[in-house]
Amino acid sequence: MNGFWTTFLPPAIVLSSLVPGLIIFSLREEQVRLRIALNLFAAGLKLVLLGLMLWGVNRGLDFRFAIDFLPGGGLVLQGDATSLQFVSLSAVLWLATTIYAIGYLEDSPLRSRFFGYFSLCVSATVGLALAGNLVTFLLFYELLTLATFPLVVHRGTEQALRAGRVYLAYTLGGGALLLTGVALLHSLVGSPTFQAGGYLAPLLESHRPSLILAFALMIAGLGVKAALIPLHGWLPQAMVAPAPVSALLHAVAVVKAGAFGIIRVVYDVYGVEQVQALGLALPLLALATATIIYGSLRALQQQDLKKRLAYSTISQVSYITLGVALMGPIAAVGALAHLVHQGLMKVTLFYCAGNFAETLGIHRIREMDGVGQRMPLTMTAFTLAALGMIGVPPTAGFISKWYLGYGALEVGQDWVLLVLVLSGLLNAAYFLPLIYRGWFVAPPAEWPHERQLGSGKPWLGETHWMLLAPALFTTVLALLVGVLAGSALSPLTWSELIMNRQFDL
């Protein structure tokens with residue numbers, strides 16, 4: 001029984017959203033209750049299956065599913081500690097975002113199409129997280145592109161279609177680069193299972209130029225979704241998508257897929273020693289640093305709320321690449337923890353931005369005056385998430401930046417502290433005015449477009465309960481992972497476990 005369980009639980013986690021998603025496509029628009037039931041059942045089932053895998057891994061079980069796919073590279077899904085960090089984030093935030101999307105799209109057309117692709121997107125993300133080798137990762141990476149494109153263009157406006165074309169051009173181009181890099185490595189060594197420390201050491205001297213080229217191609221391909229400059233151009237334009245899609249793109253799926261891929265390539269394909277021996281760490285560090293500063297500077301210039309959050313994502317996600325590129329265990333812990341921390345904080349910000357837009361018609365920063373008096377709970381959630389992004393203790397963002405800064409000192413890259421301080425000041429410069437406007441400026445005589453969402457009175461006097469509850473839930477989670485960072489079940493502790501194995505500590 002254990003053998004069956006450990007073999008088929010990884011694909012079952014992927015199928016738990018894939019199968020309901022395919023069924024949802026066939027539903028008529030008026031089948032609202034069935035569609036909601038399928039969405040919530042699938043999200044709940046994924047959490048249950050994930051809980052079983054976490055329980056099993058904690059007891060020393062190995063979860064692995066493999067079938068033949070290519071010579072030297074099968075289709076492999078496995079539940080290791082690194083993959084479970086990303087899958088846990090995806091599963092928890094998928095449930096919250098599903099509830100949010102149901103409320104957000106309550107009176108919208110084409111909901112069966114939306115939730116069908118929404119489920120496919122999560123299936124691709126979870127498959128990518130559970131991928132056990134480069135071939136499997138590449139397959140789900142490309143499926144993610146195809147599943148998210150219809151979500152970006154969901155509104156069907158000319159602006160949405162234009163953003164979709166840009167998104168597709170960038171992500172398909174990035175996929176082609178990743179494919180080329182994976183194919184080059186596959187021709188040299190096949191596609192073995194990911195392993196701590198990598199598997200390319202025997203090729204270091206005999207195939208040095210090929211390894212450097214493959215690394216550059218794969219980082220460029222992954223850098224598109226991770227929004228590393230100059231490959232970030234799709235992200236601000238994709239903000240025309242509905243708020244649940246923006247939350248999914250920024251906190252769980254697309255940008256995190258790119259960042260997670262960089263983690264896999266550096267630690268589980270090449271290995272830290274090989275990356276340093278090939279002289280690839282410093283260029284990656286420089287790229288991450290430039291992206292952090294650039295994203296913050298561009299965020300400061302934006303007057304559209306969602307675009308400011310989009311450029312903030314470009315900067316914040318690059319903290320993950322920065323921590324990886326520092327090549328030390330402490331910084332690596334900070335990078336992997338930030339994968340979760342940033343997701344919780346950023347999804348909260350997009351939930352709140354969606355609440356402002358749907359309830360009061362607020363889209364631009366100048367329209368936020370006094371919104372805290374009208375929607376105090378939403379504004380409180382926004383404020384706490386923004387303070388976390390700045391890095392105010394004891395928030396999750398502070399924990400990430402502390403480990404990144406300490407990790408930089410550990411490896412002798414003291415100048416990175418200046419980058420983190422400058423980034424924090426820029427974060428404060430573009431978030432604190434929003435907080436000030438929301439709480440300390442008098443509200444207008446009337447809001448741009450106030451409307452009633454759902455039936456009956458607004459929940460807690462603010463908005464539809466399905467819009468407010470997810471924002472409050474993720475706010476509490478973001479606070480807890482900061483305040484309880486030292487606990488046994490925190491993302492930080494799990495990250496330490498992963499990196500202890502990577503660095504043989």
Side-chain angles (χ1 to χ4, degrees), residues 46-60 79-97 125-126 129-130 196 251-252 256 259-260 263 267 316-317 319-320 322-324 326 328-349 381 384-408 410 420 424 470-503 505:
K46 191 179 293 292
L47 279 174
V48 170
L49 295 177
L50 172 62
L52 289 173
M53 183 176 285
L54 287 169
W55 181 84
V57 168
N58 193 46
R59 280 154 180 75
D80 59 26
T82 306
S83 65
L84 288 178
Q85 178 103 316
F86 192 17
V87 175
S88 299
L89 175 70
S90 302
V92 170
L93 293 190
W94 182 39
L95 176 58
T97 307
T125 303
V126 172
L130 292 171
V252 187
K256 290 298 172 58
F260 184 76
I263 291 171
Y267 292 127
Q316 290 282 337
V317 170
Y319 284 128
I320 301 171
L322 177 79
V324 170
L326 283 169
I330 297 176
V333 168
L336 201 55
H338 196 63
L339 185 82
V340 177
H341 294 171
Q342 188 271 348
L344 293 171
M345 295 182 293
K346 185 49 64 80
V347 81
T348 302
L349 290 171
L384 291 172
L387 292 176
M389 287 293 187
I390 295 169
V392 176
T395 63
F398 169 76
I399 301 299
S400 301
K401 292 182 181 182
W402 178 273
Y403 271 76
L404 291 172
Y406 191 26
E410 178 198 28
L420 294 173
L472 299 180
F473 170 68
T474 54
T475 300
V476 171
L477 280 184
L479 287 173
L480 288 178
V481 298
V483 174
L484 302 178
S487 66
L489 298 177
S490 73
L492 181 69
T493 302
W494 194 261
S495 301
E496 290 174 340
L497 169 68
I498 295 168
M499 289 307 158
N500 284 343
R501 294 175 180 176
Q502 286 285 352
F503 289 89
L505 298 178

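Position 1 is the first residue of the sequence, and the numbers go up from there. What you see is a predicted model; the values in this text were computed from it and never measured. FYI, side chains are in, hydrogens and waters are out, and symmetry mates aren't considered; it's all heavy atoms of this structure.
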Any side-chain heavy atom of [X] sitting closer than 4.5 Å to one from [Y]?
X: L472; Y: V476; value: no
X: L93; Y: L344; value: yes
X: S83; Y: L130; value: yes
X: L492; Y: V333; value: yes
X: V92; Y: F473; value: yes
X: L84; Y: L50; value: yes
X: K256; Y: L89; value: yes

Under a 3.5 Å distance rule, please check whether [X] uses its side chain to pair with a backbone N or O of [Y] as donor and acceptor.
X: W494; Y: L489; answer: no
X: E410; Y: G328; answer: no
X: S90; Y: F86; answer: yes
X: T493; Y: S487; answer: yes
X: K401; Y: L420; answer: no

Subject >> Derivation of the side-chain hydrogen bond (donor to acceptor under 3.5 Å, both in side chains) call for S495 and Q85 >> reply: CA-CA 8 Å; S495 301; Q85 178 103 316; 2.8 Å; yes
Original post:
How are the rings of H341 and H338 set relative to one another: parallel (under 30°), tilted (30 to 60°) or perpendicular (over 60°)?
Top reply: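 H341 and H338: perpendicular rings.
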